Amino acid sequence: MKKTILLLITISFITTVSAQDGVEILNRVEKNMSSDNRIFESSMIIHGSRASRTITSRTYSVSDKQSFTEYLSPAREQGTKMLKLENQLWIYSPSTDRTIQISGHMLRQSVMGSDLSYEDMMDDRKITEIYESKIVGNEVVEGRNTWILELTAKVSDVAYYKRKMWIDQERYVPLREELYARSGQLLKRTTLTDVKQISGRWFPTKIIYKDVLKQGDGTEFTMTSVKFNQPIPDYIFTKAALKQ
Amino acid sequence: MIKFLLKGLLRDKSRSLLPVIVVAIGVVLTVFARGYIKGIMVDMIEQTARITTGHVKVTTKAYSDNIDQIPNDLALLNAGRIKGDLEKNFPSMTWAERIKFGGLIDVPDENGETRSQGPAMGIGLDLLSENSVEAERLNLNKALVRGSLPASPEEILISEDFSQKLKVNPGEKVTLIGSTMNGGMAIHNFSISGTVRFGNTGMDRGTVIADISEARLALDMEDATGEILGFFDSGYYDDELAAPVLAEFRNKFPEGLDEFSPVILRLRDQAGLDLYVDLSRSMGTIITVIFFVAISLVLWNAGLLGGLRRYGETGLRLAIGEEKGHVYRSMITESLLVGIAGTIVGTAIGLGLSWLMQTKGLDISEFTKNATTAIMMPNVVHSRITPPDFYIGFIPGVLSTVIGTMLAGIGIYKRKTAQLFRELEA
């Protein structure tokens with residue numbers, strides 16, 4: 001009996017330590033990945049089932065709450081702008097001169113045909129606020145030691161009920177992620193590479209998204225330039241800026 | 001002999017009138033029901049063909065595998081060349097490119113903000129080419145409720161019910177929000193030229209008709225099309241016409257491993273239409289058999305009653321030496337004459353009623369309000385008079401009369417000559 005109680009106490013202690021570790025690791029990751037604000041230019045190569053397309057854009061963001069993206073190329077997408085303010089998202093199309101709010105089922109639509117959905121861009125809550133985390137193992141990814149974290153949603157309004165993250169043990173950046181539905185079905189897979197030290201933080205500058213339910217070979221998202229903590233005028237994050 | 005029997009029938013109305021009326025009613029019901037049900041089935045099939053399936057459809061293998069999802073990302077590329085090949089190889093058919101798409105129709109207010117919005121199903125088809133018969137095929141002129149048909153590429157038609165729901169009128173601008181062929185967001189402005197009523201509840205709920213050139217622009221589908229529909233010159237689907245087309249197509253465009261290679265589908269291979277096609281083909285036989293059995297039963301009974309009424313007459317004829325077989329045969333000949341007369345009258349009335357129903361139609365919109373089948377149910381159904389309607393009535397009309405009499409007349413052979421005079425004295 002004493003042995004059983006001792007075993008239960010040990011298991012509960014280990015679980016608590018793991019949970020704390022998971023949260024601590026995620027906090028360290030957030031320090032790397034989040035910033036007060038950032039300006040970056042990116043190119044998104046979408047590998048469709050028939051051909052690949054490249055879309056370039058410039059994004060301004062303040063924390064994870066506000067962001068403004070202007071698409072620079074190709075010609076069909078040039079001038080299209082996207083504004084996210086808290087949990088609202090608008091898209092401006094220059095050819096129609098219309099600003100459309102993306103809501104409801106439209107949030108599940110793909111961003112420019114990529115493997116990313118608008119919904120993926122919307123959740124700006126801290127990951128530790130919406131997921132329980134635990135370390136479920138260790139693995140070497142691309143020659144680097146990683147912890148495997150399993151995250152389970154503790155709130156109901158999340159796009160992915162379960163996530164699995166491979167975190168670089170030295171640099172505290174995710175190197176791989178898998179996103180699952182409540183049913184356990186794998187929905188998306190993400191690979192993060194080209195980790196660079198920028199303004200004193202480690203930051204992956206290339207992310208490969210793969211929507212496993214979609215045809216094609218995924219979407220390569222590369223940040224061609226990233227600047228942290230730059231002055232960004234307030235008017236950028238207004239609907240009026242969309243038409244300028 | 002026939003002249004003699006005819007005279008007998010004409011002079012004794014009780015021998016001819018009731019059987020003729022019974023046969024005529026049966027034949028009227030047979031001819032009318034056949035034409036009506038055939039009409040409904042053909043209307044449903046052809047409406048579905050004109051709007052959705054064509055008599056045959058060419059698309060990519062990948063698109064056809066996911067056809068319910070309207071996967072425009074798997075659409076046919078080099079559509080112009082493929083359509084040209086089809087026109088060259090199958091000159092007796094007409095071919096039409098179609099792009100189906102889904103999305104939201106967004107109506108802006110004076111500030112460009114959303115005033116109203118609703119989900120729409122769109123069809124892009126050739127409305128503006130000089131030789132295009134697509135507007136005619138979809139009967140758009142007759143379906144027009146307000147405004148006019150599109151005269152320029154950026155103009156669209158929307159269903160009248162949808163326009164009322166969105167509170168939008170011809171002349172106003174709306175924005176389509178959908179998906180491009182590449183899966184990106186398509187945002188495109190259109191101007192409403194008119195509103196239409198399709199006569200199909202599902203389509204009237206929220207349909208947009210656009211010219212295919214503008215649909216291509218909106219959905220980033222340059223020289224691509226979701227489907228190429230083929231229509232037989234006869235205007236009606238026929239398995240026997242489709243078979244050689246399929247064989248020749250597969251010979252010209254062998255199905256390879258490439259999921260984007262073109263494949264052909266018959267109407268019956270799409271949307272569970274095989275059952276309807278089979279049913280429409282066998283409907284004539286089913287109706288004829290039903291009425292044949294029903295009329296035979298009625299006339300058998302009428303024959304038995306007649307036999308009782310003419311009990312004395314047949315007895316007398318047998319007593320004066322007429323052979324049983326002769327009496328039996330003469331009664332069958334009488335029934336043959338009655339059957340022919342009843343069938344002619346019944347066919348004439350049946351065809352008349354069918355013609356009325358073919359011309360005027362019957363509004364069944366109340367019953368199809370919530371129809372969710374893959375097949376397009378027209379709101380107004382029509383009969384369809386086909387050549388068999390002119391002779392089909394003879395099968396139940398004549399055959400059942402003769403069989404009814406044959407069954408009823410068996411009693412003649414059971415009469416015993418020795419008892420005839422005693423029966424007659426009584």
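What you see is a predicted model, and the numbers here were worked out from it, not measured in a lab. Lettering follows sequence order; numbering is per chain, from 1.
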Donor-acceptor contact below 3.5 Å, side chain A/R98 vs main chain B/I187: no
A/K239/B/E113 salt bridge by N-O under 4.0 Å criterion: yes
Point-to-point distance, once rounded to the nearest 0.5 Å, from CG of B/L217 to CZ of A/R76: 7.0 Å
Residues, nucleotides or ligands: over 12 heavy atoms within 6.0 Å of B/D258 CG: yes
Side chain B/N189, main chain A/T96, donor-acceptor under 3.5 Å: yes
Donor + acceptor pair across side chains of B/S179, A/Q109 (<3.5 Å): yes
NZ/B/K173: more than 12 non-hydrogen atoms of other groups inside 6.0 Å: no
Straight-line distance of A/R53 CZ to B/D220 CG, nearest 0.5 Å: 7.0 Å
Residue A/K243 excluded, over 12 heavy atoms near NZ under 6.0 Å: yes
Between B/L74, B/T180, B/L104, the one whose heavy-atom pairs under 4.5 Å with chain A are most numerous: B/L74
Nearest-0.5 Å distance that lies between atom CZ in A/R50 and atom CG in B/L77: 4.0 Å
Value rounded to 0.5 Å, distance of OG1 in B/T114 from CD1 in A/I100: 5.0 Å
Separation between OG of A/S110 and CG of B/D73, rounded to the nearest 0.5 Å: 10.0 Å
Over 12 foreign heavy atoms within 6.0 Å of CZ, A/R189: no
Atom group of A/T99 that falls short of 4.5 Å from chain B, counting heavy atoms: backbone
Chain B contact via A/I102 - side chain, backbone, both or neither, heavy atoms under 4.5 Å: side chain
Heavy atoms from other residues, nucleotides or ligands near CD of A/E30 exceed 12 (cutoff 6.0 Å): yes
B/M185 CE to A/E77 CD distance, which is reported to the nearest 0.5 Å: 11.0 Å
